[in-house]
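Whatever order the structure lists them in is the order used to number ligands and atoms, beginning at 1.
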Amino acid sequence: MEGGARTIQAVGLGWDLHRLQVGRPLVLCNVTIPFEKGLLGHSDADVALHAVIDALLGAAGMGDIGEKFPPSEAKWKGADSGRLLRMVLADVTRAGWQVVNVDVTIVTEWPKLGPYKAQMRQRLAELLDVGGERVNIKAKTGEGVDAVGRGEAIAAQAIVGLG
Ligand code: MG
């Protein structure tokens with residue numbers, strides 16, 4: 001770990017799930033991944049960043065992503081979730097917090113995410129203004145069980161430590 005890091009004083013948990021649909025781009029951690037389906041949603045439906053946003057908001061005691069960016073508001077249609085994350089990070093930073101670490105688990109049957117984990121980690125670290133050693137990305141499958149396992153959806157969980 002690099003020097004000067006703060007001690008964790010608050011943690012937040014985030015979870016999200018989006019349906020997969022043919023004809024949509026698949027964006028995970030702000031990285032576009034080649035696949036015949038993408039996630040359905042009001043924004044770009046980046047399920048991983050939505051989990052990170054909710055974890056950040058949770059740790060800072062600032063509510064949830066639905067309050068911050070209501071799906072009823074047309075201005076968030078097709079929004080780049082990286083931009084939404086930056087807006088939330090600005091609020092969290094203004095409140096005096098600093099990101100200590102973030103750990104993300106993405107659950108998907110297909111595509112296999114191994115080849116993209118390093119890129120997703122780097123991109124998430126850039127978006128959060130932290131070193132790559134403070135970010136971890138894990139990929140799991142649904143073992144063929146439930147909607148995720150049948151390849152109908154992708155889910156993500158994130159935990160964020162703030163200091
Ligand atoms: Mg979402």
Would you find more than 12 non-hydrogen atoms of other residues, nucleotides or ligands less than 6.0 Å from E143 atom CD?
-> no

Over 12 non-hydrogen atoms of neighbours within 6.0 angstrom of NZ in K138 | yes

Derivation and outcome, side chain to side chain contact (heavy atoms under 4.5 Å, CB included), residues K68 and M87 = CA-CA 10 Å; K68 210 89 183 160; M87 291 168 72; over 6 Å; no

When you measure from the side chain of R121 to the backbone N and O of I137, does any donor-acceptor pair fall under 3.5 Å?
-> no

Which N, O or S atoms belonging to the protein are less than 2.8 Å from the Mg ion (ligand 1)?
-> D16 OD2, H18 NE2, H50 ND1

Between D129 and R86, is the closest basic N to carboxylate O distance under 4.0 Å?
-> yes

To the nearest 0.5 Å, how far apart are OG in S43 and CD1 in I53?
-> 8.0 Å

